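Structure record follows, encoded as structure tokens.
Computed from heavy atoms alone, side chains included, the values below leave out hydrogens, waters and symmetry copies. One-based numbering, in listed order, for ligands and for the atoms of each. Computed from a predicted model, the values in this text were never measured in an experiment. Numbers here simply count residues along the sequence, with the first being 1.
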Amino acid sequence: MGRYARVVTELPGPKSKKLIEKKERYVANAFSLHLPAVIDKAEGAVFTDIDGNSFIDFGGGVGVLNVGHCPPGVVKAIQAQVERFIHTDFSVVPYQCLIDLAGRLAEAAPGPTPKKCGFFNAGAEAVENAVKIAKKYTGRKGIITFECAFHGRTLMAMSLTSRVKPYKEDFGPFAAEVYRIPFAYCYRCTYGLTYPGCGLACAEALERFFVTTVSPKEVAAVIAEPVQGEGGFIVPPRGYFKRIREICDKHGILLICDEVQTGFGRTGTLFAMEQMDGVEPDLMCVAKSIAAGLPLSGVIGKREIMDRPEDSTIGGTYVGNPVACEAALHVLDQIESEKLLSRSKAIGARLTEAFTGFQDRYAFIGDVRGLGAMVAMEFVRGRESKEPAPDIAAALVKTAMKRGLLLLKAGVQGNCIRCLAPLVITDEQLEEAIDIVGESLAEIAAKAA
Ligand SMILES: Cc1ncc(COP(=O)(O)O)c(C=O)c1O
């Protein structure tokens, strides 16, 4: 047992077991549980369940807790705000924290063009609204998305999402005029080529698409994650976004970058697009780690584009809630004061070193990849065949969980393990987590032998 990862009961422990039985009676099955343990409290990168088990959190509420669980500055800001007022609907009675947050995000967004912001609640809502804004601005209907993309579960966001099971099956018909092309997935290049000799065939495919499938005149926007998250932390090669940007510009198509999972320091810069050849998106979707766990999302975009939808055409009752906006302002402060961007790079370097060490030892680790602290391993049956091995990813989640490390899977085939640990994780906690991954992999390899 480790100092931080301490599982002292069977999972679930007796108290969790009781509550989970109640959950099964009253909470719909779609809300299935990853960890069979009910949380009691959390701090930084560690949480404890109601049976006294503690876990190192490599999931961060699915990428939401870059500043950690319950950071004191954010907690204080939330407490102070709820005592003043909780809700007004900004469009009815405005408040300062939303305006301040818009100013800070507009100034921090990549690229020289002046920006404006709009706020929403969830990532999917930011995506829905970015698409609406792009349609309004261009007067066009088509949206191009990518294989392995994930943009959320509402109608447009689900239509843009790539993975069929569990996200799309039985939920059609999907939004019209959504088109999909392969992403820059170098480990499994659609064109069988190798970077850099490939001539970025995946980016050139966009031009070909305008010959084979739809006129660029019909296309409002291309939407892309700078690094695909749910898809398995797929990092496009240098030059990819530059070429996509050039093709979009040539045809008057907007580039929407979905930074919902990559934003707020996850990749070592505030936004991942800062590392993509200096490309400036027209619109950017943000959510998840923006407000340390309170529901808040946003679209940050070029002023001229953001201002095109007229009065009340976008919005909603709860959008840009003041408690969440206060939290977000303190998240930005904490990223700066605790130097979490360089910390993200350091975490990423250590994870990459450890995971590539495991890859040298185990042939079932096909690929280790990532950007900043966004690092993943992809599991395969064999290095040559690259046949996806989702059972190994599942076994690693389970084995690590029993040892007190919470891991999440990713990949359209479910055969990747991704790290979304809070960036406030200490070196000691990080090393303990890496040791657990190592021990778990050894156990899996021994069973397979
Ligand atoms: C890149 C990306 N976009 C959008 C979403 C949807 O966000 P939400 O679940 O908050 O609707 C997610 C969620 O995982 C995401 O990773």
Checklist outcome for this item: Logged contact type for Arg153 with ligand 1, heavy-atom cut-off 4.0 Å, is neither
Under a 3.5 Å threshold, yes or no: a donor from one side chain and an acceptor from the other, between [X] and [Y]?
{"X": "Thr262", "Y": "Glu259", "value": "yes"}
{"X": "Glu125", "Y": "Ser297", "value": "no"}
{"X": "Asn321", "Y": "His87", "value": "no"}
{"X": "Arg418", "Y": "Gln261", "value": "yes"}

Checklist entry - Going by heavy atoms, is Glu259 under 4.0 Å from ligand 1? => result no
Checklist entry - Taking the non-hydrogen atoms of Val62, is any one of them nearer than 4.0 angstrom to ligand 1? => result no
Checklist entry - So does Arg243 pair up with Glu204, basic N to acidic O under 4.0 Å? => result yes
Item to check | Basic-acidic side-chain contact under 4.0 Å: Arg369, Glu378 | outcome: yes
If you measure every N/O of [X] against every N/O of ligand 1, is any gap under 3.5 Å?
{"X": "Gly123", "result": "yes"}
{"X": "Glu125", "result": "no"}
{"X": "Gly152", "result": "no"}

Checking a contact table here: which protein heavy atom is nearest [atom], and how many Å away?
{"atom": "atom 16 (O) of ligand 1", "result": "Gln261 NE2, 2.8 Å"}
{"atom": "atom 3 (N) of ligand 1", "result": "Asp258 OD2, 2.6 Å"}
{"atom": "atom 11 (O) of ligand 1", "result": "Ala124 N, 2.8 Å"}

Under 4.0 Å from any heavy atom of [X], which atoms of ligand 1 are there?
{"X": "Ala122", "answer": "10 (O), 11 (O)"}
{"X": "Glu225", "answer": "1 (C)"}
{"X": "Lys288", "answer": "12 (C), 13 (C), 14 (O), 16 (O)"}

Hey, can you tell me if [X] and [Y] have their rings parallel, tilted or perpendicular (30° and 60° cut-offs)?
{"X": "Phe85", "Y": "Tyr95", "result": "tilted"}
{"X": "His251", "Y": "Phe210", "result": "perpendicular"}
{"X": "Phe364", "Y": "Phe379", "result": "tilted"}

Item to check | 4.0 Å protein heavy-atom contact status of atom 9 (O) of ligand 1, strictly under | outcome: no
